[in-house]
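All of these numbers come straight from a predicted model, not from anything done at the bench. A, B, ... follow the sequence lines: proteins, then strands. Residue 1 opens every chain.
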Amino acid sequence: MSEQIRVRFAPSPTGPFHIGGARSALFNWLLARKYPNGKLILRVEDTDQARSTKESEENIKESLKWLGLTWDEGVDAGGDYGPYRQMERLDIYKKYAQKLIDEGKAYYCYCTEEEIVKEREALMKENKMPIYQGHCRNLTQEQIAQYEAEGRKPTIRFRTPENQAVEFEDLVRGHMNFDSNGVGDFVIVKADGIPVYNFAVVIDDALMKISHVIRAEEHLSNTPRQVVLYEALDFAVPKFAHISLILGKDHSKMSKRHGATSVEQYKNLGYLPEALVNFLALLGWAPQDEQEIFTIDELIKAFSMDHVAKNPAVFDIDKLNWLNAQYMKKLSAEKITMMAIPHLVEKGYLKEAVSTDEMAKLVRFTEIIRDHLSYGAQYLEFADLYFKDDIVVEDDEAKQVLLDETANDVMALFQQKLAALEEFDAAHIQPIFKQVIKELKVGGKKVYMPLRVAITGQMHGPDLAGIIEVLGYDKMLSRMQNTMSAF
RNA sequence: GGCGCCUUCGUCAAGCGGUUAAGACACCGCCCUUUCACGGCGGGUUCAUGGGUUCGAAUCCCAUAGGCGUCACCA
């Protein structure tokens, strides 16, 4: 790849930014950054007027920025090949469509949508390839006049050459070979004058001098259509790379029922962009060595299209969680706390303004629970430990623990020793557990469990001494007493 | 249905004709911590099936099966 690398990410702004799109964007970005003069172009494919929205475009751009995937050219960045929004390039497409018509390589088609659907269904029934049968391929002037008189608005169809091999190179899949007879004459401009994806994408990629088209596998079957257009327009064909799809746990295409699918959702759940990028890079690509955790620079250095997998990949949330936890370990407790505060406020645990004193305690609380967190939103699962004073004992097993014959003695002694403590922190609380064990001659479980359940209502959780520290003596005592009074 | 792509542990995957078929996540077990977690150590009939080619096949070829994509005036 010695020539200049110009890659593009060309989303259609028709919904929230999907995780699969993020991976396509990432692979493009990685390639652009890997090579000295590499450029990433962001182009918005908004020709679907019914579904395209400005909000989606903003969402995509914000998500890209959040992930750190910056673009060099395109929407909001400018460049020499603009405009970069397809709806702003209509005159360009019109010019090329006219050129094809003038050269006899495209024609007006007056068939209605219903007629086309009927034709396709009939063909499917006969087990034939459902392609356009060429009804309007060679219309006479009279027929055209007749249709015009009826008020039909024509589409423009490309006259696909027959009996021809359509070939192209795919960086992931190798040499591709299709039969042009399976392509058929397809619409390039809709009746309303807006170009169709397959047409606009070819003109834009060619005019924007894109060297590598890296996109999802769902576009693979579309590529022959684009290749015949490149040839008809006398454009140089770029290199293609069709990366496989991201699947849900049941091996079907990732959708809402598999959980979070948009970048924004992961952001809101408190995942770190570096972790998500790292995870996405490892979906469909593997390094030459055994490294799992990559800084961005390491990723750029190690990444190569040569090692992009052909087979689709299942989105493994467990691995994402693990990776995110690894990245969270590098964060300070202050930072994690700051990230959690808006969510705590939203759930009513905290008031908007947090005092310095409160903040310090919160940070301490973060230190105690942080090993249990894979992603930010899990902070809320532990918030009750700190904020909720009326304890609900979680289940019968936990209740059993409180009914244990030594439970009362344990609690009484523990509380008494705690009251005498001068420095009320985890480091000083910890030895008290051991003293109680020793003096009462009971097992560790008999000490920790009743106390844990009485103070938190739960059998499992973060370090008990730490929890007691952040609670403080009074709060701990009242929780314990309230819980025990019910037994 | 046509066309096309794909198929190595549950999952992500290494592997490019000779390997005890890496590693990671998850899972299970043990250790550490007299709680919990973190951490450490260890474990597992993984090459879809059937035919070739070859001294030798996860690797090459051909079938079959399954999965997915696409056949839009969506992208």
Side-chain angles (χ1 to χ4, degrees), chain A residues 10-14 45-48 50-52 86 109 111-113 116-117 120 123-131 153-157 170 172-173 176-179 181-184 186-198 200-201 215-225 242 244-245 247 249 251-253 279 282-293 307 309-323 325 329 368-372 433-434 437-438 442-452 458-467:
Chain A
S12 63
T14 53
E45 309 210 329
D46 53 354
T47 55
D48 185 345
R51 295 195 299 147
S52 292
Q86 291 189 325
C109 170
C111 295
T112 63
E113 219 167 328
I116 298 291
V117 170
R120 183 166 46 238
L123 286 164
M124 298 262 277
K125 212 170 249 172
E126 290 176 57
N127 288 346
K128 285 188 183 154
M129 272 188 278
I131 56 172
K153 285 259 178 258
T155 61
I156 300 176
R157 268 184 201 275
D170 192 291
V172 176
R173 285 150 220 287
M176 291 289 113
N177 191 339
F178 291 77
D179 183 348
N181 293 340
V183 173
F186 55 94
V187 172
I188 57 175
V189 179
K190 304 179 216 174
D192 60 5
I194 310 280
V196 144
Y197 164 73
N198 280 123
V201 77
R215 68 202 346 174
E217 193 194 325
E218 61 198 271
H219 292 286
L220 186 59
S221 325
N222 266 320
T223 308
R225 268 171 251 279
H242 288 98
S244 58
L245 265 17
L247 270 27
K249 237 183 166 46
H251 290 221
S252 73
K253 205 170 160 182
F279 174 70
L282 258 19
L283 263 194
W285 169 79
Q288 286 299 83
D289 56 20
E290 292 173 4
Q291 192 170 349
E292 297 281 341
I293 296 173
H307 295 95
K310 295 173 164 71
N311 52 307
V314 172
F315 189 94
D316 183 5
I317 190 72
D318 287 330
K319 182 139 183 185
L320 207 214
N321 285 158
W322 172 78
L323 256 174
K329 281 188 203 305
I368 289 149
I369 64 165
R370 61 176 299 164
D371 279 349
H372 296 254
F433 289 109
K434 309 202 175 177
I437 288 165
K438 221 171 170 183
V442 292
K445 238 187 175 112
K446 295 268 185 208
V447 172
Y448 283 100
M449 280 307 173
L451 287 167
R452 184 182 284 283
Q458 296 169 356
M459 298 281 285
H460 305 276
D463 180 66
L464 232 199
I467 293 173

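Using a distance-only test at 3.5 Å, with no hydrogens or angles considered, no donor-acceptor pair links the side chain of T155(A) to the main chain of K190(A). Using a distance-only test at 3.5 Å, with no hydrogens or angles considered, no donor-acceptor pair links the side chain of D463(A) to the main chain of I368(A).
When heavy atoms are screened at a 4.0 angstrom cut-off, R51(A) is found touching base atoms of the nucleic acid. When heavy atoms are screened at a 4.0 angstrom cut-off, S252(A) is found touching no nucleic acid atom at all. Across all strands, H242(A) comes closer than 4.0 Å to no nucleic acid atom at all (heavy-atom distances). Among the protein residues, D179(A) comes within range of no part of the nucleic acid, since none of its heavy atoms lies under 4.0 Å from any strand. Using a 4.0 Å heavy-atom cutoff across all strands shown, S12(A) reaches sugar-phosphate atoms only and no base atom.
E217(A) has its CD atom 14 Å from the C1' atom of C3(B), to the nearest Å. Atom NZ in K253(A) sits roughly 15 Å away from atom C1' in G67(B) (whole-Å rounding). Note: CZ (F186(A)) to C1' (C74(B)) measures 15 Å, nearest angstrom. Remark: C1' of G23(B) and CD1 of I293(A) are 13 Å apart, rounded to the nearest angstrom. Atom-to-atom, CZ of F178(A) to P of C5(B) comes out at 6 Å; the value is rounded to the nearest Å. To the nearest angstrom, P of C3(B) lies 13 Å from CE of M124(A). Atoms CD1 (I194(A)) and C1' (C73(B)) sit 11 Å apart, rounded to a whole Å. Taking atom NE2 on H219(A) and atom P on C6(B), their separation rounds to 18 Å, with Å as the unit.
Only the C1' atoms considered, C16(B) is 39 Å distant from C74(B), to the nearest whole Å. Rounded to whole Å, the C1' atom of C3(B) lies 32 Å from the corresponding atom of U46(B). Only the C1' atoms considered, G1(B) is 48 Å distant from U20(B), to the nearest whole Å. The gap from the P atom of C30(B) to that of C47(B) amounts to 29 Å, rounded to the nearest Å. For the P atom pair drawn from G50(B) and C31(B), the interatomic distance equals 43 Å after rounding to whole Å. Of the P atoms belonging to U53(B) and A14(B), the separation is 30 Å, rounded to the nearest Å. For the P atoms, the distance from G23(B) to G15(B) is 15 Å, rounded to whole Å. Here the separation of U59(B) from A21(B), taken at their P atoms, is 14 Å to the nearest Å.
Under the Watson-Crick or G-U wobble criterion, with both distances below 3.5 Å, G44(B) is left unpaired in every strand shown. As the counterpart of A22(B), no nucleotide is assigned, since no Watson-Crick or G-U wobble pattern has both distances under 3.5 Å. Under the Watson-Crick and G-U wobble criteria, each requiring two contacts below 3.5 Å, nucleotide C9(B) is left unpaired. Remark: C16(B) base-pairs with no nucleotide in the shown strands. Criterion, Watson-Crick or G-U wobble with two distances under 3.5 Å. Nucleotide G4(B) is matched to C68(B) when pairs are restricted to Watson-Crick or G-U wobble geometry with both distances under 3.5 angstrom. Pairing of C36(B), defined by two Watson-Crick or G-U wobble distances under 3.5 Å, is not identified with any nucleotide. Under the Watson-Crick or G-U wobble criterion, with both distances below 3.5 Å, A75(B) is left unpaired in every strand shown.
Within a 6.0 Å sphere centred on NZ of K329(A), other residues, nucleotides and ligands contribute more than 12 heavy atoms.
When all heavy atoms of A313(A) and L283(A) are compared, the closest pair comes out as CB-CD2, 3.7 Å. Closest heavy-atom contact between L464(A) and L451(A): CD1-CB, 4.0 Å. Contact detail for R173(A) and L220(A): the closest heavy-atom pair is CD-CD2, 3.7 Å.
A residue-by-residue look at E45(A) and L247(A) shows that L247(A) has its nearest nucleotide of RNA chain B further toward the 5' end.
Taking the side chain as every heavy atom from C-beta outward, P462(A) and I467(A) approach each other to under 4.5 Å. Residues V196(A) and F186(A) are not in side-chain contact: their nearest non-hydrogen atoms beyond the backbone lie 4.5 Å or more apart.
Listed by chain and residue number, H242(A) satisfy the side-chain hydrogen bond (donor to acceptor under 3.5 Å, both in side chains) test with D170(A) (two or more places apart in sequence, or in another chain).
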Please walk me through it: do T223(A) and R215(A) pass side-chain hydrogen bond (donor to acceptor under 3.5 Å, both in side chains)? CA-CA 11 Å; T223(A) 308; R215(A) 68 202 346 174; 3.3 Å; yes
Under the salt bridge (charged side-chain N to carboxylate O under 4.0 Å, His left out) rule, what do E217(A) and K310(A) come out as? Steps first, then yes or no, please. CA-CA 9 Å; E217(A) 193 194 325; K310(A) 295 173 164 71; over 6 Å; no
Could you run through nucleotides 8-16 of chain B and give me one letter per nucleotide, 5' to 3': B if any protein heavy atom sits under 4.0 Å from the base, S if only the sugar-phosphate is that close, - if neither? ---BBSSS-
In B/S/- notation, 5' to 3', how is nucleotides 29-40 of chain B contacted by protein heavy atoms closer than 4.0 Å? -----BBBSS--
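In this structure, H219(A) and Y197(A) have tilted ring planes: the angle between them lies in the 30° to 60° band.
For the pair T47(A) and A75(B), the criterion of a side-chain N or O lying under 4.0 Å from OP1 or OP2 is met.
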